[in-house]
Amino acid sequence: MSNSVENLYRLDGRVPLGKALPFGLQHVLAMFVSNITPIMILAAAVGLDSAISAALIQNCMVIAGIGTLVQLFPVWRVGSRLPIVMGISFTFLSLAISIAGAYGMGTLIGAVIVGGLVEGTLGLFVKYWIKLIPHVVSATVVTAIGFSLLPIGANSFAGGQGATDFGSMSNWIVGSVTLLACLLCQVFAKGFLRSLSVLVGLVVGYVLSCFMGMVDFGGLSGQSIIALPRILPFSPEFNVGAILSVVAVYLVSATETIGDTSALCNSALKRDPATREMGSAICCDGFVSSVSGLFGCTPITSFSQNVGLAAISGVVNRFTIGVGAVVMIIGGVFPVIGAALTTIPQAVLGGCTIMMFGSILFAGFGMMARAGFSQRNMVIVSLSLSMGLGFTQATGMFAIFPEIVRTVFAENCVAMVFLLAVVLNLVLPKKVQGEM
């Protein structure tokens, strides 16, 4: 196949490395901080020493790159062959802290490994249960994913949740200038520059942050040149209760992967996903998460940030995104690269991602339109979203339920929306009274 820049907007084909690198790097920068943040929070909450914490951050970059490459270039039936970027999932964070705090990291890692095998096996048999998720359910889940990401983008825009300067004037200025640069490039630029609108905004915001003294380069000193990933930093231990809890959250992760796959295919590839593609994406989610456990990391999943980026830029080339995945792996092997990327202020990332997250919402609305606005679909969508999004904003409502229910549903609107949409689709008659 020809080596052409036009292949950037095609799934297959080679792209000159000089062109592929910035587009691939754009995908890495869109998810980099979100990829390492769960591990950083977990390490701090559990009280791991700085050496182990640094090794886990390094490992999570390597495993994200490996997972992305498997998703792009499948191994057997593991991997969807779609431009999906993988990274450490936030979905497991609260449960991971709870298990590691009570039983130790070994028990958490054992549950991650077993749970990943369960999810991966479910992906192999997707054709037997995928009918439970028709277009209207997928559309509702994609819309919920878009809504769930908006607070993440807003918190980053303001400086990052918990930051001492949260909502400061400097963060408002940097976030706004970054967003404006992305928007102007998206609207007025042509050709490749338009497709690089997020990277352009990130560079503009980063340069402005440097001039405003918001970039801390202290973490770059003392970094070793090369450090190989550390395998099995914790000895796996197997606790039935921990495994069951983690498996329940893996099912939630599978629904998010289905939603992300549907959003990507509908928004960037302009088609519905094939059953095989969704099953293979879930296989990658599960089996590579088990590998992630061997690296001492929590499970990985598809990143919605990059779905939004693909929708905005139109760049879906597997080779190009694979270049980005290699950059992630290199960042893990050469710690100074990863340390340099961590200097990007949260406000810059917020300015870049807020529009991308909105594009996922737009994809969900488009999927709803294709599913049709019948009375039955209206009930499924409206009730699932109103209860799923509403109830998870009032987490105290779940206090009467067992801990596993609170863990899965109390703060996870995607899981709540998915369950409600599936149940309503099963119990509502095919013809709701009042429909023609």
Side-chain angles (χ1 to χ4, degrees), residues 21-22 24-41 43-45 50-51 53-54 56-58 60-61 87-88 90 149-186 188-189 193 196-225 227 305 308-309 324 327-328 330-332 334-357:
L21 184 60
L25 185 61
Q26 181 175 241
H27 273 277
V28 173
L29 295 176
M31 56 75 71
F32 180 78
V33 171
S34 295
N35 178 54
I36 65 174
T37 299
I39 293 296
M40 295 172 67
I41 295 173
S50 57
S53 300
L56 292 182
I57 291 173
Q58 178 186 346
C60 75
M61 294 173 62
I88 302 297
F90 269 99
L149 289 170
L150 295 181
I152 296 175
N155 280 316
S156 292
F157 190 99
Q161 194 164 17
T164 55
D165 62 344
F166 187 85
S168 65
M169 179 61 71
S170 57
N171 284 326
W172 268 100
I173 292 172
V174 169
S176 299
V177 169
T178 302
L179 175 59
L180 182 62
C182 291
L183 183 61
L184 291 175
C185 190
Q186 181 69 27
F188 295 107
L193 190 60
L196 285 170
S197 60
V198 174
L199 184 59
V200 169
L202 191 145
V203 171
V204 170
Y206 189 73
V207 170
L208 177 60
S209 299
C210 290
F211 280 110
M212 295 177 65
M214 297 173 62
V215 180
D216 180 13
F217 295 103
L220 297 179
S221 61
Q223 292 286 339
S224 58
I225 298 177
Q305 292 96 314
L309 179 56
V327 170
M328 279 193 280
I330 292 174
F334 296 89
V336 68
I337 295 178
L341 292 175
T342 60
T343 64
I344 301 172
Q346 283 284 328
V348 176
L349 295 171
C352 289
T353 57
I354 197 74
M355 188 166 68
M356 295 190 319
F357 295 163

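Everything quoted here is computed from the prediction, not taken from an experiment. As a basis for the values below, the full set of heavy atoms in this structure was taken, side chains included, without hydrogen atoms, waters or symmetry mates.
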Please check this pair: side chain of Asn171 against backbone of Asp165, looking for a donor-acceptor N/O pair closer than 3.5 Å. yes

Under the side-chain contact (heavy atoms from CB on, under 4.5 Å) test, which residues partner [X], sequence neighbours left out?
X      : answer
Ser209 : Val174, Met214, Val215, Pro345, Val348
Leu180 : Leu184
Ala154 : none
Ala158 : Phe166

Rounded to the nearest 0.5 Å, how far does [atom2] of [Y] lie from [atom1] of [X]?
X      : Y      : atom1 : atom2 : result
Phe157 : Leu349 : CZ    : CG    : 12.5 Å
Met61  : Leu56  : CE    : CG    : 13.5 Å
Leu183 : Ile354 : CG    : CD1   : 13.0 Å
Leu25  : Met328 : CG    : CE    : 10.5 Å
Asn155 : Leu150 : CG    : CG    : 11.0 Å

Could you tell me whether the side chain of Val177 reaches within less than 4.5 Å of the side chain of Val204, counting heavy atoms only? yes

What's the shortest heavy-atom distance between [X] and [Y], and which atoms?
X      : Y      : result
Val327 : Leu21  : CG2-CD1, 4.0 Å
Gly160 : Gln346 : N-CB, 3.8 Å
Cys352 : Val198 : SG-O, 3.7 Å

What do the steps show when you test Ile344 against Leu202 for side chain to side chain contact (heavy atoms under 4.5 Å, CB included), and what is the final call? CA-CA 9 Å; Ile344 301 172; Leu202 191 145; 4.2 Å; yes

Could you point out which residue of Pro22, Cys182, Cys185 forms a side chain to side chain contact (heavy atoms under 4.5 Å, CB included) with Val200? Cys185

Applying side-chain hydrogen bond (donor to acceptor under 3.5 Å, both in side chains) as the test, list every pair that has at least one member in residues 175-186; sequence neighbours left out. Gln186-Ser197

Does atom CZ of Phe217 have more than 12 heavy-atom neighbours from other groups under 6.0 Å away? yes

